[in-house]
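Computed from a predicted model, the values in this text were never measured in an experiment. Residue numbers run from 1 in the order of the sequence given.
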Amino acid sequence: MSSKPPPSKPLKPSHGLELATPLLTLDFTILVKLHPKISVGQTPWGQRNWISFVGGEWAATWASGTVIPGGQDSQLVTPSLATKLETNYLLKTNDSEPAYIVIKTSGWRTGPREVLEKLFDPEQANSVKPSEYSFRLYVNMETGDERYSFLNEGLWVGSGARLGAEGVY
């Protein structure tokens, strides 16, 4: 959640060039079941946490499938409890000959301290509405399967939520 007010007039790059405004379209969702958090400890940059994935499921406009167990979420928690998240997943498609797709995300979860405190407790996380905090990330995908080679050159932006011991993007 940005605290900056919107600009009073449209911004234009130098030379009066007008750029196309990106459009957002829902392309895919992922539900990931999480193992309990492992605290790596206080590092010079903040509290480092490690969360591995039990597995999950996903659906997209171009395919669907499962999240392979073993992915991970590396979190860096700042003193304000804002959390930098970097994740790695391996997806398997439901095709008769499955494809494997690597997903890497990076983003931030921010909001009021009392809300963020609840998100660290799987039993309280369900009581927090996604509208009470900001969870934004960007996503890159990679595969060697020709059927999905278009994913190698894409970039996605998204939002997420924590629901108990699950993450939803």
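- Taking all atoms of both residues into account, the shortest heavy-atom contact from Val157 to Leu24 is CG2-CD2, 3.5 Å.
- The main-chain N or O of Asp121 is never found under 3.5 Å from a side-chain atom of Gln124 such that the two would form a donor-acceptor pair.
- When atom types are taken as modelled, the side chain of Glu123 and the backbone of Ala125 share no donor-acceptor pair closer than 3.5 angstrom.
- The shortest distance between side-chain heavy atoms of Ile103 and Leu91 falls below 4.5 Å.
- Residues Ile51 and Gln75 are in side-chain contact: their nearest non-hydrogen atoms beyond the backbone lie under 4.5 Å apart.
- Between Phe28 and Tyr169, the distance separating the two ring centers is not shorter than 6.0 angstrom.
- One side chain, Lys84 or Ser106, offers a donor N or O that lies under 3.5 Å from an acceptor on the other.
- A donor-acceptor distance shorter than 3.5 angstrom exists from the side chain of Asn126 to the backbone of Gly164, with no hydrogens or angles considered.
- There is a side-chain donor-acceptor pair under 3.5 Å between Ser39 and Gln47.
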Steps toward side-chain contact (heavy atoms from CB on, under 4.5 Å) verdict (Leu81, Glu117): CA-CA 7 Å; Leu81 300 185; Glu117 285 173 345; 3.3 Å; yes

Derivation of the side-chain contact (heavy atoms from CB on, under 4.5 Å) call for Val32 and Glu57: CA-CA 7 Å; Val32 181; Glu57 56 190 80; over 6 Å; no

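- Counting only residues at least two apart or in different chains, ring pair (Phe, Tyr, Trp, His ring centres under 6.0 Å) contacts with residues 41-61 comprise Phe53-Tyr89, Trp58-Trp62.
- Between Val40 and Asn49 there is no side-chain heavy-atom pair separated by less than 4.5 Å.
- Taking the ring axis of Phe120 as reference, the NZ or CZ atom of Arg109 stays within 45° of it and closer than 6.0 Å to the ring centre.
- There is no side-chain donor-acceptor pair under 3.5 Å between Ser80 and Arg113.
- Taking both residues in full, the closest heavy atoms of Phe135 and Ala161 are given as CD1-N, 3.6 Å, listed atom of the first, atom of the second, then distance.
- Proximity of Leu90 to Val102: side-chain heavy atoms (C-beta onward) are separated by under 4.5 Å at one or more points.
- Residues passing the side chain to side chain donor-acceptor pair (under 3.5 Å) test with Trp156, sequence neighbours excluded: Asp27.
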side-chain hydrogen bond (donor to acceptor under 3.5 Å, both in side chains) between Asp95 and Thr93, worked out: CA-CA 5 Å; Asp95 298 320; Thr93 67; 2.9 Å; yes

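- Under the 4.5 Å side-chain criterion, counting only non-hydrogen atoms from C-beta, Thr105 is not in contact with Leu85.
- Using a 4.5 Å cut-off between side-chain heavy atoms of Ile, Leu, Val, Met, Phe, Trp and Tyr, with links allowed through other members, Leu137 and Leu76 fall into different hydrophobic clusters.
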Worked verdict on Val139 versus Leu155 for side-chain contact (heavy atoms from CB on, under 4.5 Å): CA-CA 6 Å; Val139 180; Leu155 173 69; over 6 Å; no

Trace of the side-chain contact (heavy atoms from CB on, under 4.5 Å) decision for Thr87 with Lys104: CA-CA 6 Å; Thr87 67; Lys104 295 182 179 186; over 6 Å; no

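- In this view, Asn140 satisfies the side chain to side chain donor-acceptor pair (under 3.5 Å) rule with no residue, not counting sequence neighbours.
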